[in-house]
Structure formats: structure tokens, C-alpha cells
Amino acid sequence: MNVFRHFRDEVAAVLAALTETGDLPAGADIDRVTCEPPRDASHGDMATNAALALAGAAGAKPRDLAGKIAEGLRRLDSVAAVEVAGPGFINIRIADGFWQRRVADILATGPAYGDADIGRGEAVNVEFTSANPTGPLHVAHARGAVFGDALAALLEKAGYAVTREYYINDWGGQIDILAESLLKRMRQLRGEALPEEAFEGLYPGQDVIDAARAALDLPPDERPDPDSGGEEDRIRARDFAVAWMMDRIRDDLAALGVRHDVFSSERSLVEAGAVDTVFADLEARGLIYTGVLDPPKGKRPDDWEERPQSLFRATEFGDDVDRPLKKSNGDWTYFATDIAYHRDKWNRGAGLLIDVWGADHQGYIPRMKAAVEAIAQGGATLDVKVVQLVRLIRDGAVVKMSKRAGDVVTVREVVDEVGKDVVRFVMLTRRNDAPLDFDFARVTEQSKDNPVFYVQYAHARSHSVFRQARDILPDLDTGPASLVNADFSTLTNEGELSLIKKLTTWPRVIENAAETHEPHRIAFYLYDIAADFHAHWNRGRDEPDLRFIRPDEPSLTLARLALVKAVATVIASGLVLFGVAPAEEMR
RNA sequence: GGCCCCGUAGCUCAGCAGGAUAGAGCACAGGAUUCCUAAUCCUGGUGUCGCAGGUUCGAGUCCUGCCGGGGUCGCCA
């Protein structure tokens, strides 16, 4: 149960009754009526703006209308007190019994607690990672990978039908260079004396050398011949290199616990004529013309030459300038193939397209949105999530990385050092569009200053309580069926009740995070719950009466264990959403 | 020069799709910790929400302009 929806429905019912009595005009728009937790807990458990939102339509003063609504709400069993405050807010205090019953709710629902249906089964395509197959994944990719994976999981929990997709940029100049790099390294490995200058402009990484070594081991009928200079051998080299790199990338993704349902190849799209098709379509609709672009202002390239080219009328869909679709050599631009790709995703049924991009692609967003608008004609929405840079901090200093060979930190290295759970959680503790510092010392520290540890520890601690309970009260049945039937009316302590209240916001957190496409909200919520749980645990130090386990009061203990179980359930389901294994013990 | 993102406490950051007196952690200060369930705990202050207008019952949140930081700007992907 989403308690906020529940009480909004209750408010709506009261409003309907007031419409009957003529206090509200028929057909008043109640869309703006909300039911939310007040910022200040002293105002109560729930606040509604109904009177403020409807006073105008009712022709009444907000506070007068609020009084009438409050009267209706007071009749509800679940409501303990209602008061009108400020300009016309209605503060609702909910009966303890209502909160206590929520514990049973959570336990009965289990890991599915918090599942929402705002997606209504709508198909969503989340495209993320999509690193070029020219080298291994490095840390910059990890953030996008983890973010996309968590967003996808979040949308699934919120009721969307999600496809996780990786776009392989296996076509274009970069890939030709990769093929050339491979062939030349093969020659070098075979003993040919090639100076380092011979690799100028090629991919310098060790991984290309490894790939070249693997290529030399291929059976003769599959092995590209580095000396022939022929087209067939270049294609072999290219296809082998891409496949080899993608295998490594898949391994890296697996190490991170990230999975994709679909790997789409740019080359396949081009070779299947998808770009020609979309070009013809747009051209037929008058959205493509041949024109000359002005050079970028303030930064005129030296080699700028004006020339006519095929342009997409992006300006008709909100972009600043029209965008080229063909390079001077006649090849498609990246933008052209990307239009075809987005149309392909849309054609496969996704009405909502989400792309996760690195910060350096921000300027590309308006044109892609324009393109999606043009091809789907309102039938699809594109949301681009930009992930900002990650800075690695070691020994208090930023780890310098350059594109030079061997000077990038790979995903694999970081995962091997701190574990995938730490990497994943930390990557999600910041808004995606804010830069993130990843401090090796801090993220592995076993103290409350480390959010990863703090949240994991809360979960582990809840299991520890159960282990203790079995020791101290071996006769107490702490199985699921027993817990769900505990006498929850004994949970009257303020700390217990506020913990329950926090737990009941979980469905709302899911909905909000899913609607805004912001998984980091889950991380902050989990931290919050962990803090409340630790705080309540600590109260038991000074006041033994508040401890979860009361050896002489098995019934009370059972109810409290049920609450602990509910906390564990919610934390675990949040961690699982993040792809982080909930720890049952800290070592 | 155009466009995009960011600007909230000394620091790092939240701020729940416009709500009431703007929050958390760190740092800082004071106190507790023979007891106990596991990695200490409690208490406390701090803000021209970059600046200036606008929209409205109400703006950190939406709009416009400006300032500052970052990114990006045909033939890279």
C-alpha cells in the first residue's frame, strides 16, 4: 500500500461528499490536490493542500473550506487528529493502529513491497554503456553502466517493460583505424621491425596487441593476412577486433554485474539499409535539404571550407542549427546512423527511449531529441541522462588519467580492488549530472562515515538481531508466518513508529525516483533508513526496555522482530535494485 | 559568439516534479561511554539558496536577463 495514495483517495472521497452538499462546484479539478508528508514532522503525518487548491473554484476562503474538509477527515478510523494550519493546509495525524498494521503489510508483501504500476507495462528502452569497441571499459564507462542498469531495474519495479540495450559503434572511421592497428600489430608480433612512429594515429593500447596475438592464433582460413592489403583481410581484421573487444567488454560488464538484453550493431543497421530508409523518409517529408552551414561562431576552424551538404531540419524541432547527415567523403555522419538507430528502437515498440550518455555528449542532445520528434511524430519520448565524470582519489590525490596507453584505470582493476558492490553503490550516491569523487580509502572504510558500509551494516545488523534472538529465545518461532501474526499494537514507542513511517514511504520513493529517472534517490533513502535503524538500536543502550529482544516478553519481542524484518526487507530490496548483494554479516 | 549542465552551511552534497521556520554527513564545540545487541553515542550553532527582475495565495524549485565554473560547437563516435 502506498499510504500517500491511500490518504489522497480519502481526501478525494471527502471532496466528493462536499460536492454533493454543494460546498464544492461539480467538476472541480482536483488534479492539483496532493497528499504529502509535511517537511516538519511536528505538523503531523500527512498534509493536504486541497483547500488551497480548490478555494478559488469554490469561491470560499481557503481556511473555511479547509475546516469543512477537516471535518470529513476526522470521521475516518485511521485518522487520529486533523487541524487546519497556516494559509489553509490540513494536517492529518494518523492513528497508531494504522501504522502498526503496515508492518504486517510489508512482511506479507516481501521483496515486492514498493512495486509500483506507474509504468502500466509500457515498453521502455534504456540504452547505456555503449562504449566503443576499441578498448576495455574504463572507470568513466562504469558510472554510465551502473547508472543505466540501476535505472532499468528501478523502472521495472515501477511497472515498465524494460529493454536494456547496448549500441555497438562498430562502423565508421574509428573501426577502420582499429582494424589497421590490429594488422600492423600482427606484423610486429611476427617479428617485423616497426618503429613506434609507425603506430602514430593508431590505437596504442596493450589490448590491441593482445588482440593481435589472438588473431595470429586463428586457423589459417579465418586469419586476416596483414600483408595482403586486400579488402577481405581488412574486413576479417575489423570483425575479429570488434568481436574480441566486445568479448572483453562483456566480461567487464559481467564483473560489474551489469547485463544488457540487446546488443545492437551500428554496422548491421547501415548494411541493412536502415539509414537509407530513414533518409528517404525524412527527405520525402521535406525535412532534408542541401545547404551550406555557417562556421561555428567564435571558433572558426582553420581548415573551414564552405560546401553544400545534406542537412536535417533540426531547427524545426527546437535545435539551433540544421545538422549534417553526410560527411564530405559521402559516408553517413554519426548523427545519420543514430537517427536510424533510434527509429529502430522505436519500431521495436518502445514509446519511451532513455539514452545514458557521457557529459561530453551534452551538446548532442537537442539534435537527437529533434530527430526522435521527427521520426516518431510525437509517438516517442527521448530522455537523455548525462553522467558526469568520475575522479578517482587515492591517498588524498586525484589519480591522473590520460588517453595514453596504460594510463587509464579500467573497470576491471577497480572492481578487483574494492568489489562490485562498493563500485555500484558509490556510483549511485550522487546525482548523475553531478561530478563524483571515488575515494579508494573512504569507500572501503569500515565506519559510519562510509555510506556503503553504513547501509550494508544496517542490513547485517538486522540479521544479527535474529541470530541473537534464536540464541536467547530458542523457543520463539521467528519464521515468516509467525512474524506476520505478531501483536503489532505493542509497537508504541516513538522510535518504532517513526521507523514504520519511514518504511511506508518506500513505495513513494520508488515512484518518484522512477518518474524522474533518478536512481540516486534510492541511495539517499537507504542511507536515511539505515540511520534511523541504527539510531533506534542505539536507544537500547541507554534504555534496555527499548531493545528488540526482551527475554521475558516473547510477544513484544516478536512484534519488534517483525519490525526489524521489515527494515531488512526494504533495505534489501533497495540494494537488490542497485545490484548490490545485501550482506548478512560484516567481516 | 551559440547551446547544454552546474552554483544551497567552512567542506561534500540532498531538497521528495511550487508548499509552512531550507536539510544530512563531514568538520568544529561540549558532554557521555564499569552497563550493552556488532564497527561508539547524545547535544549544539551556522545560510543575502550566485545576482536582479518576473509569474502567484506561496519560488531553492518555474520564466527572463546577468555573473561565475565546466562541457560542447560540419567532415570524431
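No hydrogens, no waters, no symmetry mates; every other heavy atom, side chains included, goes into these values. Throughout, a chain's letter reflects where its sequence line sits, starting with A, and its residues are numbered from 1.
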Engineer: Between B:rG10 and B:rC5, how far is it from one P atom to the other, in whole Å?
Structural biologist: 27 Å
Engineer: When the distance from CZ of A:Arg63 to P of B:rC57 is rounded to whole Å, what number comes out?
Structural biologist: 18 Å
Engineer: So, A:Phe533 versus A:Phe548, ring centres under 6.0 angstrom or not?
Structural biologist: yes
Engineer: Out of B:rA39, B:rA17, B:rA20, which nucleotide sits closest to the side chain of A:Arg508?
Structural biologist: B:rA17
Engineer: Of the candidate nucleotides B:rA20, B:rC16, B:rA77, which contains the atom at the shortest distance from the side chain of A:His43?
Structural biologist: B:rA20
Engineer: Any side-chain N or O of A:Arg431 below 4.0 angstrom from OP1/OP2 of B:rG15?
Structural biologist: yes
Engineer: Rounded to whole angstroms, how far apart are CD on A:Glu585 and C1' on B:rU37?
Structural biologist: 14 Å
Engineer: Does A:Ala85 reach a base, just sugar-phosphate, or nothing at all? Heavy atoms under 4.0 Å.
Structural biologist: base
Engineer: Whether A:Lys448 contacts B:rA24 is assessed here as follows: a side-chain N or O lying under 4.0 Å from the phosphate OP1 or OP2. Is that the case?
Structural biologist: no
Engineer: List the steps and the verdict of salt bridge (charged side-chain N to carboxylate O under 4.0 Å, His left out) for A:Asp545 and A:Arg550.
Structural biologist: CA-CA 8 Å; A:Asp545 286 355; A:Arg550 305 296 317 284; 3.8 Å; yes
Engineer: With the side chain of A:Asn512 defined as its heavy atoms from C-beta on, choose the nearest nucleotide among B:rU40, B:rC5, B:rA17.
Structural biologist: B:rA17
Engineer: For A:Ser447, which contact category applies under a 4.0 Å heavy-atom criterion: base, sugar-phosphate, or nothing?
Structural biologist: sugar-phosphate
Engineer: Between A:Phe438 and A:Phe440, is the ring centroid distance below 6.0 Å?
Structural biologist: yes
Engineer: Contact class for A:Asn91 (heavy atom, under 4.0 Å): base, sugar-phosphate, or nothing?
Structural biologist: base
Engineer: With sugar-phosphate meaning primed atoms plus P, OP1 and OP2, does A:Gln446 contact a base, only sugar-phosphate, or nothing at under 4.0 Å between heavy atoms?
Structural biologist: base
Engineer: Is it the case that the base of B:rA14 and the side chain of A:His520 share a donor-acceptor contact (distance under 3.5 Å, atom types as modelled)?
Structural biologist: no
Engineer: Of the nucleotides B:rA39, B:rC3, B:rC76, which one has an atom closest to the side chain of A:Asp320?
Structural biologist: B:rC3
Engineer: What does B:rG1 pair with, Watson-Crick or G-U, if both distances are under 3.5 Å?
Structural biologist: B:rC73
Engineer: Report the C-alpha distance between A:Asp45 and A:Lys501 in whole Å, list the side-chain angles of each, state the deciding distance to 0.1 Å, and finish with yes or no for salt bridge (charged side-chain N to carboxylate O under 4.0 Å, His left out).
Structural biologist: CA-CA 8 Å; A:Asp45 299 313; A:Lys501 291 174 189 177; 2.8 Å; yes
Engineer: From the set B:rC42, B:rC36, B:rA20, return the single nucleotide nearest to any side-chain atom of A:Arg541.
Structural biologist: B:rC36
Engineer: Within the structure shown, what part of the strands sits under 4.0 Å from A:Pro435 by heavy-atom distance: base, sugar-phosphate, or nothing?
Structural biologist: sugar-phosphate
Engineer: Roughly, in whole Å, what's the span from CD1 in A:Ile365 to P in B:rC6?
Structural biologist: 11 Å
Engineer: Need one value for A:Val465: base, sugar-phosphate or nothing, where a base atom within 4.0 Å counts as base even if backbone is also close, heavy atoms only.
Structural biologist: base
Engineer: Determine whether a donor-acceptor pair (N or O, by modelled atom type, separation under 3.5 Å) exists between the side chain of A:Thr48 and the backbone of A:Ala50.
Structural biologist: yes
Engineer: Would you mind telling me which residue lines up with the more 5' stretch of RNA chain B, A:Ile90 or A:His536, judged by nearest nucleotide?
Structural biologist: A:Ile90
Engineer: On a whole-Å scale, what distance lies between the C1' atoms belonging to B:rG60 and B:rA9?
Structural biologist: 14 Å
Engineer: What distance, rounded to whole Å, do you find between the two C1' atoms, one in B:rC28 and one in B:rG71?
Structural biologist: 36 Å
Engineer: Send over the distance from A:Leu436 CG to B:rC11 C1', rounded to a whole Å.
Structural biologist: 16 Å
Engineer: Over all strands shown, is A:Ala531 touching base, sugar-phosphate only, or nothing at heavy-atom distances under 4.0 angstrom?
Structural biologist: nothing
Engineer: With heavy-atom distances below 4.5 Å as the criterion, would you say the side chains of A:Thr290 and A:Gln309 are in contact?
Structural biologist: no
Engineer: Looking at A:Asn538, does any N or O in its side chain come under 4.0 Å of the phosphate oxygens OP1/OP2 on B:rC42?
Structural biologist: no
Engineer: With rounding to the closest Å, how many angstrom separate the C1' atoms on B:rC26 and B:rC62?
Structural biologist: 33 Å
Engineer: Taking the P atom in each of B:rC41 and B:rG25, what is the distance between them to the nearest angstrom?
Structural biologist: 11 Å
Engineer: Which of parallel (below 30°), tilted (30 to 60°) and perpendicular (above 60°) describes A:Phe312 and A:Phe317?
Structural biologist: parallel
Engineer: Does B:rG7 have a Watson-Crick or wobble mate here (both distances under 3.5 Å), and if so which one?
Structural biologist: B:rC67
Engineer: Taking the side chain of A:Arg461 as heavy atoms from C-beta outward, which of B:rA20, B:rA39, B:rG2 is closest to it?
Structural biologist: B:rA39
Engineer: Using the C1' atom in both, what is the distance from B:rC73 to B:rA52, to the nearest Å?
Structural biologist: 30 Å
Engineer: For the pair made of CG in A:Leu325 and P in B:rA77, what is the distance, rounded to whole Å?
Structural biologist: 14 Å
Engineer: For RNA chain B, whose closest nucleotide is more 5', that of A:Trp537 or that of A:Gln309?
Structural biologist: A:Trp537
Engineer: Once you apply a heavy-atom cut-off of 4.0 Å, does A:Arg521 come out as touching a base, just sugar-phosphate, or nothing?
Structural biologist: sugar-phosphate
Engineer: Is the distance from OP1 or OP2 of B:rU37 to the nearest side-chain N or O of A:Arg467 less than 4.0 Å?
Structural biologist: no
Engineer: Does the A:Lys385 side chain pair with the main chain of A:His517, one donor and one acceptor, at a distance under 3.5 Å?
Structural biologist: yes
Engineer: Once you apply a heavy-atom cut-off of 4.0 Å, does A:Tyr527 come out as touching a base, just sugar-phosphate, or nothing?
Structural biologist: sugar-phosphate
Engineer: Compare the minimum distances between each of B:rG19, B:rC75, B:rU37 and the side chain of A:Leu52, then state the nucleotide with the smallest one.
Structural biologist: B:rG19
Engineer: Any stacking of A:Phe89 on B:rA20, going by centres under 5.5 angstrom and planes within less than 30 degrees?
Structural biologist: yes
Engineer: Between C1' on B:rC76 and CG on A:Asp338, what's the gap in Å once rounded to a whole number?
Structural biologist: 13 Å
Engineer: Using OP1 and OP2 only, check whether a side-chain N or O of A:His463 sits under 4.0 Å from B:rU37.
Structural biologist: no
Engineer: Rounded to the nearest Å, what distance is computed from the CZ atom of residue A:Arg367 to the P atom of nucleotide B:rC3?
Structural biologist: 15 Å
Engineer: Hunt down the Watson-Crick or G-U wobble partner of B:rA27, both distances under 3.5 Å, from any strand shown, or write none.
Structural biologist: none
Engineer: So for A:Asn49 and B:rA20, does any side-chain atom that can act as donor or acceptor lie under 3.5 Å from a complementary atom in the base?
Structural biologist: no
Engineer: Atom CZ of A:Phe453 and atom P of B:rA39: how far apart are they, to the nearest Å?
Structural biologist: 8 Å
Engineer: Could you please name the option among B:rC4, B:rA39, B:rU37 that lies closest to any side-chain atom of A:Gln362?
Structural biologist: B:rC4
Engineer: Just compare B:rA77, B:rG15, B:rU40 and give me whichever is closest to any side-chain atom of A:Glu266.
Structural biologist: B:rA77
Engineer: Less than 6.0 angstrom separating the ring centers of A:Phe147 and A:Phe128, yes or no?
Structural biologist: no
Engineer: Which whole number of Å gives the distance between the C1' atom of B:rG65 and that of B:rU46?
Structural biologist: 32 Å
Engineer: With the side chain of A:Pro366 defined as its heavy atoms from C-beta on, choose the nearest nucleotide among B:rU12, B:rC3, B:rC41.
Structural biologist: B:rC3
Engineer: Taking atom types as modelled, find out whether A:Glu585 and A:Ser464 have a side-chain donor-acceptor pair closer than 3.5 angstrom.
Structural biologist: no
Engineer: For B:rU33 versus B:rU43, give the span between their C1' atoms, rounded off to a whole number of Å.
Structural biologist: 15 Å
Engineer: Partner lookup for B:rU55, please. Criteria are Watson-Crick or G-U wobble with both distances under 3.5 angstrom; report none if nothing qualifies.
Structural biologist: none
